[in-house]
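Notes to accompany the following structure.
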Amino acid sequence: MKIATYNINGINGRLHNLLRWLAEEKPDIVCLQELKAPDNLFPEQALLGIGYNAIWLGQKSWNGVAILSKYEIKETRRGLDGEPEDTHSRYIEAFINGVVIGCLYLPNGNPWPGPKFEYKLRWIARLQAHANKLLSFDLPVALIGDYNVMPTELDTYKPEKYLSNALFRPESREAFKILVDSGWTDAIRKLYPEEPIYTFWDYLRNAYGRNAGLRLDHFLLNDKLNSRLLSAGVDKQVRGWVHSSDHAPVWITIE
DNA sequence: ATGGCTCCCCTTGGGAGA
């Protein structure tokens, strides 16, 4: 079973690319982030037309998450507890083919310091609380998506440039590390412990052409799913397509 | 320090992204 994540950066503006990628790579489950579309403009019919069921949590202009699958999707949650006034659409979760799939879009948090950075840290704490609950289930679980964190220096083309950036601040990296160490495995790093792997290239300054990338999109697996992990990769070529998102799709395969 | 790009919207400029 192939599970993927893709920050699409506007699902309607890039629907052609999304459909092409789905047709070429045929993932069984897909977590999408940054739909940038309200619920009523989610392109459900186009996805059903190529064999994908979908659930989504949209929002006008910003954020928005969705889960696509060739299997039946049983939604188990939308949103995280702990901050009822939070209106951002950043978390949706489902039970699919025996696996709990949490799809998340973690706040960017820039500029640092400031209220957006504080929101980012609070959001990670809320995710940590929910992750702790998920670990109490006797089920395979994956927390998948755009974490907006480069976990280590290996995950950015130029670490010194990002020391004041919310995506690489020590507070962000420490919170991510505590989350992983609480019972999860970073699937990409498990399979590729030494080499730089990027999932995002900025639109600016020919970042993709220079391979000036960041690793922001992660798969955290609990032990029950980690033991079934077979392979992982980045569909880097998709970032080179016309009208591409600034992220590339990332995937794992599970026994 | 700024701008370089690209999306979105009560659009022709600003907010947000990373």
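Residue numbers start from 1 in every chain, and the chains themselves are labelled A, B, ... in the order their sequence lines are given, proteins ahead of strands.
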Nearest-Å distance once atom [atom1] is located in both [N] and [M]:
| N | M | atom1 | result |
| --- | --- | --- | --- |
| B:dT6 | B:dC10 | P | 23 Å |
| B:dC9 | B:dG4 | C1' | 23 Å |
| B:dA18 | B:dC7 | C1' | 14 Å |
| B:dG3 | B:dG14 | P | 13 Å |

If I take atom [atom1] in residue [X] and atom [atom2] in nucleotide [N], what distance separates them, rounded to the nearest angstrom?
| X | N | atom1 | atom2 | value |
| --- | --- | --- | --- | --- |
| A:Glu34 | B:dG15 | CD | C1' | 13 Å |
| A:Asp146 | B:dA16 | CG | P | 17 Å |
| A:Phe200 | B:dA18 | CZ | C1' | 5 Å |
| A:Asp217 | B:dG17 | CG | P | 15 Å |
| A:Tyr105 | B:dA16 | OH | P | 12 Å |
| A:Met150 | B:dA18 | CE | C1' | 8 Å |
| A:Arg169 | B:dA18 | CZ | C1' | 16 Å |

Below 4.0 angstrom, N of the basic side chain to O of the carboxylate: do [X] and [Y] qualify?
| X | Y | result |
| --- | --- | --- |
| A:Arg122 | A:Glu118 | no |
| A:Asp223 | A:Arg228 | no |
| A:Asp138 | A:Lys224 | yes |
| A:Asp155 | A:Arg189 | yes |
| A:Glu171 | A:Lys120 | no |

Interface polar pairs with nucleotides 5-11 of chain B, N/O, under 3.5 angstrom:
from, atom 1, to, atom 2, distance (Å)
B:dC10, OP1, A:Lys60, NZ, 3.2

Quick one: does any side-chain atom of A:Arg90 pair with a main-chain N or O of A:Tyr105 as donor and acceptor, under 3.5 Å?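 At least one qualifying donor-acceptor pair exists.
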Any side-chain to backbone donor/acceptor pair from A:Asn222 onto A:Leu225? Under 3.5 Å, distance only.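 Yes; judged by distance alone, with no hydrogens or angles, the pair exists.
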Have a look at [X] and say if it touches a base, only the backbone sugar-phosphate, or nothing, with a 4.0 Å heavy-atom cut-off.
| X | answer |
| --- | --- |
| A:Asn63 | nothing |
| A:Tyr162 | nothing |
| A:Lys116 | sugar-phosphate |

N or O in side chain of [X] less than 4.0 angstrom from [N] OP1/OP2:
| X | N | value |
| --- | --- | --- |
| A:Tyr157 | B:dA18 | no |
| A:Asn148 | B:dA18 | yes |
| A:His247 | B:dG17 | no |

Is A:Ile254 close to A:Ile252 at the side-chain level, that is, under 4.5 Å between some pair of heavy atoms?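 In contact.
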Between the base of B:dA18 and the side chain of A:Asn165, is there a donor and acceptor pair under 3.5 angstrom?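 Looking at the base of B:dA18, it does not pair with any donor or acceptor on the side chain of A:Asn165 (distance under 3.5 Å).
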